[in-house]
Every structure is written in structure tokens, then in C-alpha cells.
**Q** 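Here's a structure for you.
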There are 2 protein chains.
Amino acid sequence: MSKQELPIVDVCCAPLACEPLSESEAAELAPLFKAIADPVRLRLLSLIACHEGGEACVCDLTTAFDLTPPTISHHLKVLRQAGLIESERRGTWVYYWINPAVLARMSTLLTPASTAFAETA
Amino acid sequence: MSKQELPIVDVCCAPLACEPLSESEAAELAPLFKAIADPVRLRLLSLIACHEGGEACVCDLTTAFDLTPPTISHHLKVLRQAGLIESERRGTWVYYWINPAVLARMSTLLTPASTAFAETA
DNA sequence: ACTCTAATTTGACATCTATCTATGCAAGCT
DNA sequence: AGCTTGCATAGATAGATGTCAAATTAGAGT
């Protein structure tokens, strides 16, 4: 539905610490993190990812928050426009599921290159 | 220097998709992503992480942007207050380095639990 | 057709944010 | 002491963002 802006996924996938991010790479990646830089959207993403069958109806999601349906709808739209989730209407209900490839790309980006951590000083 | 608010790192470390994020977990995690949800800060983080010795002087960073020093200083402060980087003054210059543990935690959170991606459809 | 429910869109508003200029502070040098 | 450079803070401002109430669209079932 509504194929408006499709998320770009052609940027590099190397960890942040491998080589400095170019201006254009940063410009494409920042919106992905901006999309999850909100407590409600983080929980939405988690609720969807954890839901049985890998997808959740909006009605399953709205009940988990002290927010009005339009607000939830707004947050879902932000996540969808960023490419983090996808949706489909089936009869009365609209279902959402996550796009694991985008999540994986973000995860990889944040991987400490050297993996030289572990010193929890 | 200035031990103001130290970042909390006592929240769970499991991937988003393992079990739904609690409200408080989301509230603690969102600011971390908000800190990197900006193209300038993403590049700053990358520049610092990639710099030889694992640390960079502010003077190394300001030259990479078309922004005034106060603006860079502001972004560094945001990253530092989130716990993503740390800093120390040595003589004339101030050096910044990344906190790999926090990066690793964020990376883990975004790991698709099932690791059932790879279908780059 | 009418009605009911599910979900989104629109418009408004208060708050937050990125950026700048101007100022302040700290360290090194003459 | 005084100057210069590196960096941070303070204050101001335009623009983005999260939230809600009201209106709208889409299906399902009388």
C-alpha cells in the first residue's frame, strides 16, 4: 500500500569503526536511527518482533500504551517510512511485521570493529 | 571531567525480538539511539572510532564539517552525555574516544533474534 | 442503505533541537 | 602580565517532533 518513498539500502554495511562514514552515508543512515530514537517506537518494534507469527495487528499494539490510536498510527508510519516495518491490510485489520534486513544493517553498523570491548571497567 | 549524569547500563541486553521491551527499558534505550540519530553525530562517532590510537582531538573533528566549532562542541556533548564517548583534556587539546561497551549493547539490541534474514529480496 | 468498528489523516499546539553569534575559560607562549 | 589558540557555554531563533481531538476512509455485518 502507498509505495511513496522506498527506503534506500544501498549504503555500505561496514561497522562505524572501520572507516569514516561519508556525508551521504551518514545522511541515509541517520533517519533509520531517528526512527527508533523514541521509547514508543522502540517498544512498538519490539512488540511487533516478538508477536507470534512475526506480525501484529494494530489493535494488539494500541492496548499496550497510554496513547490514542492516532498517536500509535503516527509512530507506525514513521517506522514504516524508514523501512523498518511493513504492513498489509487483511479484512478489517492491518498487520505489521518487521524488516529484519534493515535491523541487521543497523546492528552491524554499531558493531565495535575490533570487538575489543569486554573490559567492563 | 564533569561527572554529571553517568549513563545507565543496567538494562537488559537481549535483542529487541526476544521479549517485548518494558516501558522503562525503552525509556533508557531511546536516548542512546537519539544520540546517534543525527548525520553529524554519526560521522563524529565514526571519525573518532576510526582515528589512529582510538581517539581524536576536537581539532581533528571540526575540520571535517562545514559547521562552527560551537556546533561540533554541542554534538560532542550530546554523545558524551549519552555515554557513547568519553573525553579528557591533555594540555591544550581535548581528546575524545568511544565507549565500545555501549555501542555493543545497542548493536546487540538490534540483532534480529532469529537471525532469519539473508533473504535480500 | 445503514451502522459499527478498525485504522489513518488532518490540523493545531507545546516542546525539543540544530545552528549560529557572542562570550567565557583554560593552557601555552612571549 | 598580556597575547593567542583551543574549546566550551550562553542566548537566540527557525524548524522539527510528539501528542491529541476531530474528521475521514475502509470493511464487515446486519
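For the numbers below, each heavy atom of this structure counts, side chains included, while hydrogens, waters and symmetry mates do not. Every chain is numbered from 1, with letters handed out A, B, ... down the list of sequences.
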**Q** Closest-nucleotide mapping onto DNA chain D: is B/Leu76 or A/Val78 further toward the 5' terminus? I mean the 5' end.
**A** B/Leu76
**Q** Please pick, from D/dT19, C/dT8, C/dT19, the nucleotide with the shortest atom-to-atom distance to any side-chain atom of A/Thr71.
**A** D/dT19
**Q** With a 4.0 Å limit, can you tell me whether B/Arg90 has a side-chain N or O closer than that to the phosphate oxygens OP1/OP2 of C/dA27?
**A**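 Checking B/Arg90 against C/dA27: no side-chain N or O falls below 4.0 Å of OP1 or OP2.
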**Q** OP1 or OP2 of C/dT17 less than 4.0 angstrom from a side-chain nitrogen or oxygen of B/Lys34, does that happen here?
**A**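 For B/Lys34, the contact criterion (side-chain N or O under 4.0 Å from OP1 or OP2 of C/dT17) is met.
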**Q** The side chain of A/Leu67 is closest to which nucleotide in this list: D/dT19, C/dA6, D/dG6?
**A**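 Shortest atom-to-atom distance from the side chain points to D/dT19.
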**Q** Looking only at side-chain atoms of B/Val58, point me to the closest of D/dT19, D/dA22, D/dC7.
**A** D/dC7
**Q** Tell me yes or no: between the side chains of B/Thr68 and B/Thr71, is some donor less than 3.5 Å from an acceptor?
**A** yes
**Q** Short question: side chain of B/Arg41, backbone of B/Ala35 - any donor-acceptor pair under 3.5 Å?
**A** yes
**Q** Starting the side chain at C-beta, find the nucleotide from C/dT9, D/dA8, C/dA6 nearest to A/Pro70.
**A**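 My answer, after comparing the listed nucleotides, is C/dT9.
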**Q** Under 4.0 Å: is that the gap between some side-chain N or O of B/His74 and OP1 or OP2 of D/dC7?
**A** no
**Q** Which one, C/dT17, C/dT19, D/dC7, comes nearest to the side chain of B/His75?
**A** C/dT19
**Q** Looking only at the side chain of B/Asp38 (C-beta and beyond, no hydrogens), which of the listed nucleotides D/dT17, C/dA18, D/dT9 gets closest?
**A**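 Looking only at side-chain atoms, B/Asp38 lies closest to C/dA18.
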**Q** Could you go through the side-chain contact (heavy atoms from CB on, under 4.5 Å) check for B/Leu103 and B/Leu84 one step at a time?
**A** CA-CA 7 Å; B/Leu103 260 296; B/Leu84 285 159; 3.4 Å; yes
**Q** Please state whether the phosphate of D/dG6, meaning OP1 or OP2, lies under 4.0 angstrom from any side-chain nitrogen or oxygen of B/Tyr95.
**A**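 Negative; the distance criterion is not met.
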**Q** Can a side chain N or O of A/Ser73 be found less than 4.0 Å away from OP1 or OP2 on C/dT8?
**A**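 Affirmative; the distance criterion is met.
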**Q** Tell me whether the side-chain N/O atoms of B/Thr68 come closer than 4.0 Å to OP1 or OP2 in C/dC20.
**A** yes
